[in-house]
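Take a look at the structure set out below.
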Amino acid sequence: MTRPASDFIATMQDRGFIHQMTDGPALDERCSKGVVVAYIGFDCTADSLHVGHLMQIMSLRWFQRTGHKPIVLMGGGTTKVGDPSGRDETRRLLSDADIEQNKASIRKTFANYLAFGDGPTDAIMADNAEWLDRLGYIQVLRDIGRHFSVNRMLTMDSVRLRLERDQPLTFLEFNYMILQAYDFLELSRRYDCVLQMGGSDQWGNIVNGIDLTRRIDERQLYGLTTPLIATASGAKMGKTASGAVWLNPDRLSPYDFWQFWRNTEDADVGRFLRLFTDMPLDEVARLEALGGAEINEAKKILATAATALCHGPEAADAAAETARRTFEEGVAGGDLPTIAIERARLEAGVPAYELFRQAGLAASNGEARRLVKGGGARLNDAAIDDEQRVVTLADVDADGQVKLSAGRKRHALVRVA
């Protein structure tokens, strides 16, 4: 295969980001001749993004680092509709106030990955509510809707898969692809944006935007999608027993974020280093070639590098040190996840399995009981052999805390309130 002419396409290819492109040679040539503007949209369905969004965030990061201008498009408008892609049920409709609150919270994440400003390659943040909220229904039908074939819309995966599974699809959701296509048209007009990127499940929506702009403005736009990531064992990336791996520190502590990457499967270390860190590829090759116990050092490097991007170097180093002290010295570091329990409750005694659930080491009391039965639960580094074990003030150490452990890698603290 011919080596790409542009640094951007070459980097994306080398690091494993490319799944599909529209007219790849033309896009590569365009990127090799000057600054290109590209966007990725993020709907505001929660107050934090999660690890599943990192492929897109890192795509924008590499786009900027190779000399181009990224647009982070906040879905203040499209969130009011809800993307049906990959879902069997309608998303819960959020109020305008909820969307605004989520939008403000999500914005903080991007400051750690992109440089914003007024320069030619500085990132900008836009909000599709600026134009979607102003559209009139008749205007959409006449100016935009006439360019869409219902026959073709029914073949799109986001629609077809829902219908094949006999799951309801509202007319509201059916319109989502039209609004996303209009976003691309509007961004091309406002910011000279010529490229939309997204996950592979967004391919149909991206192609719709390209076709719409060609029909209305007679302008050539491009699309690039990234592969959907699963772990080597086939699990969905970013999902754990306790839920999503959030990017905001108030939803998931930097220590727990670090631990997520530290627990990467051996076969995924090299791939994740390429995708989720800035590490040079020759160093990635060295690390992924390590075998035996040495691969654990590569996992620590991955965890620290990924956490430094998301939460800053200081938080990453603190998480790594807490893990070192916890695992190597048996010391309960101050950055471990912590819950506060009233003194009166501990005086009366609290079942250990309840504390494991409250601390997030088990998803339910039943799961916590099974952890105890299986020998994986520890209290102050001592195995719990009684499913009905009660934690009292007698278990509190001189620092006013109790250490809980689920297996060898997951720990939490209980502090007396």
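- In this structure Y113 satisfies the ring-ring contact (aromatic ring centres under 6.0 Å, His included) test with no other residue, sequence neighbours excluded.
- In terms of heavy-atom proximity, F356 sits nearest to L404 at CE1-CD2, 3.9 Å.
- Scored by the side-chain contact (heavy atoms from CB on, under 4.5 Å) test, D7 finds T66 as partners (sequence neighbours excluded).
- Counted by atom type alone, N248 and T109 present one or more donor-acceptor pairs between their side chains at under 3.5 Å.
- At distances below 3.5 Å, not a single donor-acceptor pair connects side-chain atoms of N205 with backbone N or O atoms of Q180.
- Expressed to the nearest 0.5 Å, how far CD1 of I40 lies from CZ of F110 amounts to 8.5 Å.
- Proximity of R357 to Y353: side-chain heavy atoms (C-beta onward) are nowhere separated by under 4.5 Å.
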Can you check side chain to side chain contact (heavy atoms under 4.5 Å, CB included) on I57 and L60, steps first, answer last? CA-CA 5 Å; I57 296 173; L60 290 175; 5.9 Å; no
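- K299 contributes atom NZ, which lies 8.0 Å from atom CD of E265 (distance to the nearest 0.5 angstrom).
- Put simply, CG on L302 and CD on E297 are 12.5 Å apart, with the number rounded to the nearest 0.5 Å.
- Of the possible polar contacts, none joining the N112 side chain to the L309 backbone as a donor-acceptor pair under 3.5 Å is found.
- Between E130 and R190 a salt bridge is recorded (basic side-chain N to carboxylate O distance below 4.0 Å).
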Using residues 116-127 as the side-chain source, report each donor-acceptor pair under 3.5 Å to any protein atom, sequence neighbours left out, with the distance given to one decimal.
from : atom 1 : to   : atom 2 : distance (Å)
D122 : OD2    : D118 : N      : 3.3
D122 : OD2    : G119 : N      : 2.8
D127 : OD1    : G76  : N      : 3.0
D127 : OD1    : A129 : N      : 3.0
D127 : OD2    : K103 : NZ     : 2.4

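- Remark: K373 pairs with E387 by the salt bridge (Lys or Arg N to Asp or Glu O under 4.0 Å) rule, at least two apart or across chains.
- Between the side chain of S188 and the main chain of L185, a donor-acceptor pair closer than 3.5 Å is present.
- Of all the heavy atoms in T307 and P254, the pair that sits closest is CG2-O, 4.0 Å.
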Could you go step by step and tell me if K80 and D133 meet the side chain to side chain contact (heavy atoms under 4.5 Å, CB included) rule? CA-CA 10 Å; K80 298 171 184 176; D133 282 358; 3.0 Å; yes
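- The closest donor-acceptor contact from the side chain of K403 to the backbone of L413 lies at 3.5 Å or more, if one exists at all.
- Judged by distance alone, with hydrogens and angles left aside, the side-chain atoms of N263 form no donor-acceptor pair with the main-chain N or O of F260 at under 3.5 Å.
- The CG atom of L195 sits 8.5 Å away from atom CD1 of I210, with the distance rounded to the nearest 0.5 Å.
- Applying the ring pair (Phe, Tyr, Trp, His ring centres under 6.0 Å) definition to pairs two or more places apart or across chains, those involving residues 282-313 are F257-H311.
- Among residues two or more places apart in sequence or in another chain, the side-chain hydrogen bond (donor to acceptor under 3.5 Å, both in side chains) test is passed with D211 by R152.
- With sequence neighbours left out, D14 forms a salt bridge (Lys or Arg N to Asp or Glu O under 4.0 Å) with R3.
- Salt bridge status for D278 with R65: present, with a side-chain N to carboxylate O gap under 4.0 Å.
- R286 meets the side-chain hydrogen bond (donor to acceptor under 3.5 Å, both in side chains) test with E283; sequence neighbours excluded.
- With sequence neighbours excluded, the residues satisfying ring-ring contact (aromatic ring centres under 6.0 Å, His included) with F276 are W261, F272.
- Between the S32 side chain and the A5 main chain, no donor and acceptor come within less than 3.5 Å of each other.
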Go through the steps to decide whether D47 and W246 satisfy the test side-chain hydrogen bond (donor to acceptor under 3.5 Å, both in side chains), and finish with yes or no. CA-CA 10 Å; D47 60 2; W246 300 103; over 6 Å; no
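- Side-chain atoms of D386 come within 3.5 Å of backbone atoms of Q388 as a donor-acceptor pair (strictly under, hydrogens ignored).
- Applying the side-chain hydrogen bond (donor to acceptor under 3.5 Å, both in side chains) criterion to E288, with sequence neighbours excluded, gives R274.
- By the side-chain contact (heavy atoms from CB on, under 4.5 Å) test, L228 pairs with S200, D201, sequence neighbours left out.
- No side-chain heavy atom of T392 sits less than 4.5 Å from a side-chain heavy atom of L346.
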Could you go through E354 and R345, starting from their C-alpha distance and side-chain angles, then the distance that decides it, and tell me whether this counts as salt bridge (Lys or Arg N to Asp or Glu O under 4.0 Å)? CA-CA 12 Å; E354 284 192 16; R345 285 190 66 197; 3.5 Å; yes
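- For Q101, the CD atom is loosely surrounded, since the number of other residues' heavy atoms within 6.0 Å does not exceed 12.
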Stepwise, does the side chain to side chain contact (heavy atoms under 4.5 Å, CB included) test hold for F17 with I9? CA-CA 9 Å; F17 280 90; I9 299 298; over 6 Å; no
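- For the residue pair T225 and G199, the shortest heavy atom distance occurs at CG2-O, 3.6 Å.
- Taking the six-membered ring where the residue is Trp, the centroids of Y39 and F184 are separated by under 6.0 Å.
- The shortest heavy-atom contact between R15 and T277 is NH2-O, 3.0 Å.
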Applying side chain to side chain contact (heavy atoms under 4.5 Å, CB included), run through M279 and L287 and close with a yes or a no. CA-CA 11 Å; M279 193 165 294; L287 290 171; 3.5 Å; yes
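- Looking at Q196, its side chain never comes within 3.5 Å of a backbone N or O of L224 through a donor-acceptor pair.
- Of the possible polar contacts, one joining the N102 side chain to the C44 backbone as a donor-acceptor pair under 3.5 Å is found.
- Nearest heavy-atom pair, E367 versus L361, reported as atom, atom and distance to 0.1 Å: OE2-O, 4.3 Å.
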Verdict with supporting geometry, S6 and D28, side-chain hydrogen bond (donor to acceptor under 3.5 Å, both in side chains): CA-CA 6 Å; S6 68; D28 181 37; 2.6 Å; yes
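- Between the side chains of N128 and T78, at least one donor-acceptor pair of N or O atoms lies under 3.5 Å.
- Between the H68 side chain and the V36 main chain, a donor and an acceptor come within less than 3.5 Å of each other.
- Partners of T226 by side-chain hydrogen bond (donor to acceptor under 3.5 Å, both in side chains), not counting sequence neighbours, listed by chain and number: Q56.
- The two residues R271 and A232 make their nearest non-hydrogen contact at NH2-N, 4.0 Å.
- With values rounded to the nearest 0.5 angstrom, D183 atom CG is found 12.5 Å from I178 atom CD1.
- Between the side chains of D43 and Y176, a donor-acceptor pair is found at a separation under 3.5 Å.
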